[in-house]
**Student:** 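Take a look at the following structure, please.
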Amino acid sequence: MYNVPKLEDYSAALDKAVNELLAAVETEAQAVADAKACEELRNRWMARKNGVLTQINDLWLKAAPGPNKRDVGQRVNQIRAKVEETIEATQQRIAGSSADARLKAEMIDISLPGIRRSLGVKHPVLKVLDDLIGVFVKMGYSIAEGPEVESDYYNFEALNFPPNHPARDTQDTLFIANQERRPQRDRLLLRTHTSPVQIRSMEKLKPPVRVICPGKVHRNDTPDATHYPVFHQIEGLCVDTNITFADLKGTLEHAMQSLFGSNVKTSFRPSFFPFTEPSVEVSISCPFCGGKGCRPCKQSGWIELLGAGMVDPNVYGFVGYDPAKLSGFAFGMGIERLAMMSYNVDDIQQFFYGDMRFLEQFA
Ligand code: PHE
């Protein structure tokens, strides 16, 4: 480290001392690598008390004899300027490189691969629903929708379920609370089927009518492998002049064959719904065993899929259609049922858990 020498004379020795000092401050400055060393350098050279500049002031300038004072004074001023400049430059170098370091540490590496978020996939229930909608749209049906919170009138009364009729017991549901002051027909409930959209459609449209009504429905059912209190249905309604039961059969046979293949057979058995007469339960030949009998079809060779029938003339009375001129059919089917068949799923509850391990399989 540099030490200020005493001067032997004020010519050659002064020259030598000045050169050595300037070389020394340059070397020391170059060796500085961080802010702490920089501060030390500054103190060593520029501290008022005993800094190198103070020392040369004392040892060189003050000690110089009269005739040399002017010359030594100029040299000392030059040295001071040079030392200040060198230390200033060093401070800037250190500040700059620490800013560099900070930038480096804070830098976002935009070349890193991002977080991949997997694309969602269509829920299997929606897939089947969309497939089925496609089949009916090709046959000229349009899509109608109605509210999930429905009035007693649309869910029951206009569908020919009179108040207190026992047929209502088969479709128990949640009723909105505190509606006792309303007339029964206006009381709200979670719809138990998509059939109320039949009524809403006929109120809005003049015949001929061909609509399908997909949607969510609710029933007071205890969950098990084939029941869940929320599920989806698709309703169909066709009203025109001269619509017969044969049209119903042909339409449903075509729809089932579109979904399950052209070898599938349909079977119609008598049933009861208040809003269709006659009413039928429709089954298809088991697409798994071709009708021989297996576990999914409980060895019967048939799988029951939907309810249907010819629109009951009483229903036309509720919507101002003339039953003497018009006839039509309606059907309603559970989508989860179809999805279980299509994808070989053995528990309907899987559709509602939202478990990715299940849903991913349909990607
Ligand atoms: N709405 C009936 C149900 O949910 C099904 C159905 C619809 C029956 C249309 C006949 C006609 O059970």
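For ligands, and for the atoms within them, numbers begin at 1 and follow the listed sequence.
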**Student:** Quick one: sort the Phe351 and His123 rings into parallel, tilted or perpendicular, breaks at 30° and 60°.
**Tutor:** tilted
**Student:** Restricting to side chain to side chain contact (heavy atoms under 4.5 Å, CB included), what partner residues turn up for Lys204, sequence neighbours left out?
**Tutor:** none
**Student:** Going through the checks in order, is the side chain to side chain donor-acceptor pair (under 3.5 Å) test met by Gln349 and His227?
**Tutor:** CA-CA 8 Å; Gln349 298 171 91; His227 294 87; over 6 Å; no
**Student:** Students often mix this up, so state it plainly: with edges at 30° and 60°, are the rings of His232 and Phe352 parallel, tilted or perpendicular?
**Tutor:** parallel
**Student:** At what distance, to the nearest 0.5 angstrom, does CZ of Arg44 lie from CD of Glu28?
**Tutor:** 4.0 Å
**Student:** Where does the angle between the aromatic ring planes of Phe273 and Phe275 fall among parallel (under 30°), tilted (30 to 60°) and perpendicular (over 60°)?
**Tutor:** tilted
**Student:** Starting from the N and O atoms of ligand 1, find every protein N or O within less than 3.5 Å and list the pair with its distance.
**Tutor:**
from     : atom 1 : to     : atom 2 : distance (Å)
ligand 1 : 1 (N)  : His193 : ND1    : 3.0
ligand 1 : 1 (N)  : Ser195 : OG     : 2.9
ligand 1 : 4 (O)  : Arg219 : NH2    : 2.7
ligand 1 : 4 (O)  : Gln233 : NE2    : 2.9

